[in-house]
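These notes are about the structure you will find just below.
Lettering of chains follows the sequences in order, A, B, ..., and the numbering in each one begins at 1.
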Amino acid sequence: MRAGAKLGLFLLLTPLLLWLGLLIIIPHIDMFLVSIRERIGVGQYQTSPANYLTFLTEPLYLVTFMRTAFMSILATLLTLVIGFPVAFYIAKIAKGRLQSALFLLCLVPFWVSELVRTFGWMILLRETGIFSNLLQWLGLVDGPVEMLYNDVAMIVGLVYTSMLFMVVPLVTTIESLDDSIIEAGYDLGGSNLSILREIVIPHAMPGIASGSIVVFMLSLGNYLTPTMLGGKDSLWFTELIYSQFIVRFNWELGAAFGFMLLILSSLIVWAMLKLTGQTLEKTMT
Amino acid sequence: MTSADLECLELSKHFGGFTAVDQVSFSVPSGSFFSILGPSGCGKTTIMRMVAGFLEPSSGDIKIKGKSVLDVPPNKRPVNMVFQHLALFPMMNIADNIGYGLRRQGLAKSDIERKVDEALERIGLPGIGKRKVDELSGGQKQRVAIARCMVLQPDVLLLDEPLGALDLKLREHMKIELKALQAAFDTTFVYITHDQSEALVMSDQIAVMNKGRFEQVGSGRDLYYRPETAFVAGFVGESNRWRGKVTRAEAGALQLTTDAGLIMTGIDHGRSLAVGSQAQIFVRPEAIRVSRSGDDLAHFENRMVGKVQSLLFNGAASRAILRSAANGDDIEVSLPQSGEYADLQRGDDLYFGWAGEQANAFAAPLENA
């Protein structure tokens with residue numbers, strides 16, 4: 001029996017171990033090895049930190065790197081600010097069928113691929129798009145307006161793309177807050193604002209943290225939305241990685257970029273957890 | 001006559017076509033312990049939520065210290081509520097929990113600290129302010145929940161079955177403690193419960209509620225010994241009950257014949273039951289005297305003999321179920337704890353009887369038996 005149980009456990013763990021090993025650990029080790037070698041001739045390599053030095057000394061790379069981090073944080077905050085009331089409404093105010101209907105509505109956009117969703121925004125925002133025409137028709141502008149290919153369009157796209165990943169953990173945590181605790185807050189003289197600040201938000205903190213982590217990671221690693229909506233003026237760090245690997249065929253630098261992105265995201269997530277007083281374990285439950 | 005802290009006037013609440021609370025009026029004198037006792041679903045929680053302000057009454061008025069509070073939102077009402085599951089804020093420590101209401105009132109930090117310490121002192125838990133909510137025992141949480149309300153010095157404290165989640169021993173203890181806390185804080189308590197012993201032990205006045213209406217308001221003693229309706233007689237305390245017909249009525253003293261053919265006497269306490277009408281008869285187990293010989297019971301109007309069907313040992317409240325020899329009815333009786341019946345066995349014959357004035361008769365409604 002015990003041997004059988006062990007075998008069962010082993011079989012259960014196999015897919016996970018394969019996935020971790022083949023897709024995460026081995027590629028990363030290889031990536032790291034690639035990133036610390038420098039090409040000195042045809043087929044000749046030596047170990048050196050040259051790629052990382054290039055990254056640190058080239059302003060374009062560094063600026064894009066910091067900009068990507070900043071914009072991702074901004075997109076995360078915006079998603080949180082928009083998603084929180086939505087989640088609160090779904091979790092606490094909507095009842096019964098309305099609740100499930102609203103939840104479904106959050107989910108529906110994810111039935112189509114991200115590419116199609118982003119095209120939707122392009123149809124709305126481009127020069128000959130719906131918004132531009134509407135504004136002209138209303139007489140608010142004289143000529144067509146281009147609303148694509150700037151930071152705002154890109155942030156809109158990022159927020160839209162990641163909304164679900166913020167709303168779901170928030171709904172779950174807010175729903176677990178007992179109604180009577182909110183009522184007790186009112187009963188003891190609390191105003192809406194103080195209840196939100198002292199009761200609802202502290203309770204929802206694990207959800208806020210896990211939602212923010214996911215949204216931040218998705219934004220930071222997003223390639224499609226910045227490329228399509230941000231265009232050339234809103235360069236995203238993933239685009240640099242792509243161009244190193246595919247366009248320039250400089251895998252060494254690309255790998256170094258990839259590693260810098262990994263370090264950056266880990267640092268920011270760590271800082272976010274520290275800032276909100278959460279632990280990774282708490283946010284994952 | 002002291003002034004009323006809480007007054008409800010013809011309070012009603014309808015949910016769609018369902019009437020949860022139907023024209024209920026009552027007033028709670030200042031500083032008293034008032035209980036609303038009723039089975040679940042009788043509307044007692046609805047009343048409490050209306051008083052607290054979480055529900056709007058369909059009609060009627062709620063007055064606190066003589067002033068209508070219908071237009072006052074819950075966070076401005078001078079009432080506080082101890083919730084069924086206490087609803088302590090798990091994200092705060094004990095001191096912050098108790099201080100929450102004070103912070104909302106905008107008190108200075110030093111004042112809040114002093115008041116919180118005083119409150120903790122009062123509930124007998126000094127120095128636990130820094131502890132977390134889930135580090136406390138059930139009884140301690142209970143006391144903290146009360147302290148959290150009492151620091152705000154409400155005119156009325158509402159308690160919504162707060163002892164429901166505690167185990168039996170602790171519940172017994174908390175009954176006494178709640179009563180003591182009420183005396184210590186000298187505040188009007190309105191307590192709702194489905195547990196009659198909680199209501200009987202603690203309350204100055206009890207309202208028995210059923211199907212959205214108050215059946216009777218009175219002291220525990222009144223409710224127990226002089227129930228005004230069949231529901232109260234059946235709900236408060238244990239009773240043997242029979243259904244029957246009134247076969248003779250003389251100035252309140254009735255002779256009844258039960259459906260099973262048993263003839264017994266009872267009184268109607270002025271409810272004037274006419275001959276021929278259907279009646280329900282209630283007799284408390286402790287009103288029935290048992291004896292091993294029939295002679296001891298000669299002075300009782302109702303006398304029977306029966307076999308012990310089962311013995312329900314429960315310490316001081318031990319009972320026996322006797323099967324009447326006359327018609328096979330099962331009758332519950334209290335056993336005196338003098339040791340006389342310690343050797344009672346199943347199948348033993350016992351004489352038992354009760355005075356006619358101990359049998360309370362009510363007109364029986366046709367629909368519910």
Side-chain angles (χ1 to χ4, degrees), chain A residues 80 84 87-89 91-98 169-212 272-279 281-285, chain B residues 45 48-55 69 72-93 96-107 112 116 119 132-133 141 144-154 156-162 164-165:
Chain A
L80 178 63
F84 197 89
F88 189 84
Y89 190 88
K92 283 288 164 220
I93 298 168
K95 293 272 177 281
R97 287 186 60 178
L98 179 65
L170 281 179
V171 167
T172 321
T173 46
I174 294 174
E175 220 169 18
S176 71
L177 179 63
D178 196 343
D179 283 352
S180 69
I181 288 181
I182 298 177
E183 280 179 350
Y186 282 116
D187 189 63
L188 295 167
S191 60
N192 289 340
L193 192 72
S194 75
I195 287 168
L196 183 71
R197 211 187 58 223
E198 289 200 43
I199 297 169
V200 181
I201 291 181
H203 178 87
M205 217 55 206
I208 293 175
S210 66
S212 298
M272 252 199 285
L273 287 173
K274 273 277 163 286
L275 209 68
T276 53
Q278 299 293 310
T279 61
E281 292 83 37
K282 238 161 77 187
T283 61
M284 292 303 142
T285 48
Chain B
T45 303
M48 181 133 301
R49 292 178 65 79
M50 286 193 283
V51 174
F54 297 125
L55 278 176
V69 293
V72 184
N75 52 0
K76 299 277 193 303
R77 285 194 191 188
V79 294
N80 289 119
M81 182 156 165
V82 176
F83 286 78
Q84 192 163 9
H85 301 290
L86 306 179
L88 292 177
F89 304 132
M91 58 293 284
M92 303 177 200
N93 65 23
D96 287 344
N97 257 286
I98 297 177
Y100 180 84
L102 297 171
R103 288 201 297 280
R104 297 287 78 76
Q105 292 179 352
L107 260 68
I112 295 176
V116 168
K132 280 199 188 125
V133 171
K141 281 185 199 169
V144 169
I146 291 168
R148 185 174 73 170
C149 294
M150 294 316 296
V151 287
L152 301 176
Q153 297 170 314
V156 178
L157 182 68
L158 307 171
L159 300 105
D160 182 4
E161 307 204 32

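Looking at B:Leu88, the atoms closer than 4.5 Å to chain A (heavy atoms on both sides) all sit in the backbone: N, CA, C or O. Both the backbone and the side chain of A:Ile195 come within less than 4.5 Å of a heavy atom in chain B. Of the atoms belonging to A:Leu177, it is side-chain heavy atoms, and not backbone ones, that fall under 4.5 Å from chain B.
Annotation: side chain of A:Ile199 is in contact with side chain of B:Tyr100 (closest heavy-atom distance under 4.5 Å). A:Tyr186 has its side chain out of reach of B:Pro73: every pair of non-hydrogen atoms, C-beta onward, lies at least 4.5 Å apart. Using a 4.5 Å heavy-atom threshold, the side chains of A:Glu183 and B:Met81 count as separate.
The nearest pair of heavy atoms linking A:Ser191 to B:Arg104 is N-CD, 4.2 Å. Minimum heavy-atom separation, A:Asp187 to B:Ala52: OD1-CB, 4.3 Å.
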From CA spacing to verdict: side chain to side chain contact (heavy atoms under 4.5 Å, CB included), B:Phe89, A:Leu188: CA-CA 12 Å; B:Phe89 304 132; A:Leu188 295 167; 4.1 Å; yes

Applying side chain to side chain contact (heavy atoms under 4.5 Å, CB included), run through B:Arg103 and A:Glu198 and close with a yes or a no. CA-CA 11 Å; B:Arg103 288 201 297 280; A:Glu198 289 200 43; 2.8 Å; yes

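Counting heavy-atom neighbours within 6.0 Å of B:Gln105 CD, excluding the residue itself, gives a total above 12.
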